[in-house]
Amino acid sequence: MDWYDGHARGLPWRVGPADRRAGVRPDPYRVWLSEVMLQQTTVAAVREKFRRFTEIWPDVRSLAAAEDAQVMAEWAGLGYYARARNLLQCARVVANDLGGRFPETREGLLALPGIGPYTAAAIAAIAFDRPETVVDGNVERVVARLFDVDTPLPKAKPELTRLAGLLTPQARPGDHAQAMMDLGATICTPRSPACGICPLMASCAARATGRAADLPRKAEKKPKPVRLGIAYVARRSDGALLLETRPERGLLGGMLGWPGSDWGESPEAAPPVAAEWTVLGGDVRHTFTHFHLRLAVEVASVDLDCRPERGTFVPARDFRPSSLPTVMRKVWAIAGPALTHL
DNA sequence: GATGCGTGGCT
DNA sequence: TAGCCAAGCAT
């Protein structure tokens with residue numbers, strides 16, 4: 001805690017240790033929003049998104065009243081899009097059923113969409129100063145090293161959670177949780193931990209055996225297969241672009257994208273509208289969580305009165321590449337310039 | 001317990 | 001260049 005008082009990271013959603021000890025309470029809405037954004041996502045990627053979201057939707061009621069499409073568009077680029085759908089669901093439950101206030105207990109929070117064991121404990125501890133044990137990837141790493149736990153993840157998770165629980169104090173549990181995560185993020189880092197300046201150096205078992213950098217062990221990962229596909233970018237003579245909203249569930253669910261083939265070993269061509277399609281030279285490469293994708297891109301100019309089988313024409317002035325998921329933005333990056341020469 | 005689900009930065 | 005990794009959740 002002494003180390004945290006002197007070395008806490010300054011983060012837009014955080015009430016720092018000095019203010020916290022002076023009695024300043026964090027806004028549960030901002031704690032919740034930041035924690036959901038930070039699920040499997042780096043602080044650097046979250047900063048700007050958090051700023052935008054809180055600027056547009058300063059509280060849970062305004063977010064609950066938002067249009068789904070605008071929230072998805074603002075989330076674009078952050079990944080794991082089910083988070084955005086659950087975020088909206090959760091905001092609406094809190095605003096409509098809970099009087100605009102978040103539950104203050106781990107159990108109450110756990111019942112909300114998009115809030116699992118980590119996030120429930122984090123909000124309870126950070127926003128409401130409940131003595132909950134917060135175990136994220138940082139804490140897993142710190143604890144595995146501190147106690148020299150050799151069992152690979154995820155099998156070691158229950159044991160690491162138990163050990164982390166031994167460290168959870170009754171005083172300042174919220175700051176303690178954030179201290180553990182800051183330590184993992186800045187000192188006890190995955191590749192080359194800075195053991196020489198670590199406040200826990202003297203009591204760290206892995207430091208003693210020189211194995212800190214090798215922990216925690218992790219189960220082997222499965223190789224990622226390569227999938228192929230085709231994306232179709234049609235521009236109408238008035239400049240409008242043919243886009244479609246993807247199905248709610250599954251990959252990139254609810255996000256805007258270019259119509260295309262399915263993605264697999266040998267995708268079948270399926271143009272969304274009859275036209276003279278031009279196959280572009282380079283392809284788009286993108287890696288998802290569980291596969292590599294190579295996307296061929298085809299472009300076409302179409303008439304004002306054409307009737308596509310799929311998708312909706314979006315007027316040029318309403319089209320913002322930033323509202324597309326990254327793979328679709330990559331498609332636009334090569335299709336856009338090609339269309340100007342068509 | 002295993003699988004599906006993004007992305008960008010770093011090594 | 002390719003793999004690793006990040007404040008995980010839902011099914």
Side-chain angles (χ1 to χ4, degrees), chain A residues 9 11-14 30-50 72 75-87 89-90 109-127 132-142 152-158 161 164 174 177-186 188-193 213 216-227 246-255 257 263 285-293 322 324-330:
Chain A
R9 287 178 291 174
L11 300 170
W13 47 84
R14 171 179 283 178
R30 293 166 65 88
V31 173
W32 163 72
L33 178 61
S34 67
E35 289 299 343
V36 173
M37 286 184 167
L38 286 162
Q39 290 165 3
Q40 295 286 285
T41 307
T42 56
V43 166
V46 167
R47 277 183 188 275
E48 176 59 17
K49 287 292 179 194
F50 180 83
M72 299 313 287
W75 196 276
L78 208 51
Y80 287 133
Y81 297 100
R83 292 186 294 173
R85 303 194 296 273
N86 288 331
L87 188 82
Q89 268 197 61
C90 182
L109 290 158
L110 204 44
L112 294 168
I115 298 185
Y118 162 76
T119 307
I123 298 172
I126 297 169
E132 300 292 350
T133 302
V134 177
V135 185
D136 73 334
N138 289 304
V139 176
E140 286 175 355
R141 187 168 57 254
V142 170
L153 285 165
K155 191 186 287 289
K157 177 89 176 178
T161 300
Q178 296 179 91
M180 292 289 283
M181 294 191 280
D182 277 19
L183 190 66
T186 63
C188 196
T189 53
R191 303 298 182 86
S192 47
R217 293 179 54 199
K218 300 203 171 177
E220 263 187 64
K221 307 203 158 122
K222 292 205 310 193
K224 294 179 180 180
V226 177
R227 293 189 196 171
R246 298 172 60 85
E248 282 298 308
R249 318 289 290 256
L251 189 69
L252 308 180
M255 298 301 292
W263 298 344
R285 294 181 182 219
H286 189 76
T287 299
F288 291 98
T289 313
H290 51 296
F291 65 94
H292 301 288
L293 178 65
S322 63
L324 300 176
T326 299
V327 65
M328 299 297 173
R329 218 165 55 226
K330 287 183 183 176

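In the text below, chain A, chain B and the rest are named by the order of the sequence lines, each starting its count at 1.
- One finds the CD atom of A/E132 at 11.5 Å from the CD1 atom of A/I123 (value rounded to the nearest 0.5 Å).
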Legend entry - Full working for ring pair (Phe, Tyr, Trp, His ring centres under 6.0 Å) between A/H286 and A/F288: CA-CA 7 Å; A/H286 189 76; A/F288 291 98; 4.8 Å; yes
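- Taking the C1' atom of each, B/dG1 and C/dC9 are spaced 15 Å apart, rounded to whole Å.
- Summarising the geometry, the separation between CG on A/D136 and C1' on C/dA6 is reported as 9 Å, rounded to the nearest angstrom.
- Judged purely by atom type and a 3.5 angstrom limit, A/R30 uses its side chain to pair as donor or acceptor with the backbone of A/P12.
- In this structure, A/R85 atom CZ and C/dT11 atom P are separated by 10 Å, rounded to whole Å.
- Across all strands, A/W75 comes closer than 4.0 Å to no nucleic acid atom at all (heavy-atom distances).
- Rounded to whole Å, the distance from CG on A/L38 to P on C/dC9 is 12 Å.
- Side chains of A/Y118 and A/V134 form a contact here, defined as non-hydrogen atoms less than 4.5 Å apart.
- The CH2-P distance, from A/W32 to C/dC9, rounds to 14 Å in whole Å.
- Comparing A/V43 and A/I115 against DNA chain C, the residue whose closest nucleotide sits nearer the 5' end is A/V43.
- A sub-4.0 Å separation between OP1 or OP2 of C/dC5 and a side-chain N or O of A/K221 is present.
- Summarising the geometry, the separation between NZ on A/K218 and C1' on C/dG3 is reported as 13 Å, rounded to the nearest angstrom.
- Nucleic acid contact for A/L11: base, since at least one base atom lies under 4.0 Å from a heavy atom of the residue.
- At whole-Å resolution of the value, NZ in A/K157 and C1' in C/dC9 are 11 Å apart.
- Contacts of A/R285 with the nucleic acid, taken as non-hydrogen atoms under 4.0 Å apart, are absent.
- In this structure the side chain of A/Y80 reaches within 4.5 angstrom of the side chain of A/Q40, judged on heavy atoms.
- Place A/D182 and A/H292 on DNA chain C by their nearest nucleotides, and A/H292 ends up nearer the 5' end.
- Computed from coordinates, the A/L109 CG to C/dG8 P distance equals 17 Å when rounded to whole Å.
- To the nearest angstrom, P of C/dC5 lies 11 Å from CG of A/L153.
- Between A/M255 and A/L324, the closest side-chain pair of non-hydrogen atoms is not below 4.5 Å.
- Contacts of residues 117-124 of chain A with DNA chain B (heavy atom under 4.0 Å): none.
- Counting only N and O atoms by type, the side chains of A/R83 and A/Q39 include no donor and acceptor under 3.5 Å apart.
- Counting heavy atoms from C-beta outward, A/K49 and A/T41 have side chains that stay 4.5 Å or more apart.
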Legend entry - Reading 5' to 3' through nucleotides 3-11 of chain B, protein heavy-atom contacts under 4.0 Å coded B for base, S for sugar-phosphate only, - for none: SSBBBS--S
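- Between the side chain of A/R85 and the backbone N or O of A/E248, at least one donor-acceptor pair lies under 3.5 Å.
- Within the 4.5 Å cutoff, no side-chain heavy atoms of A/I126 are placed close to those of A/W13.
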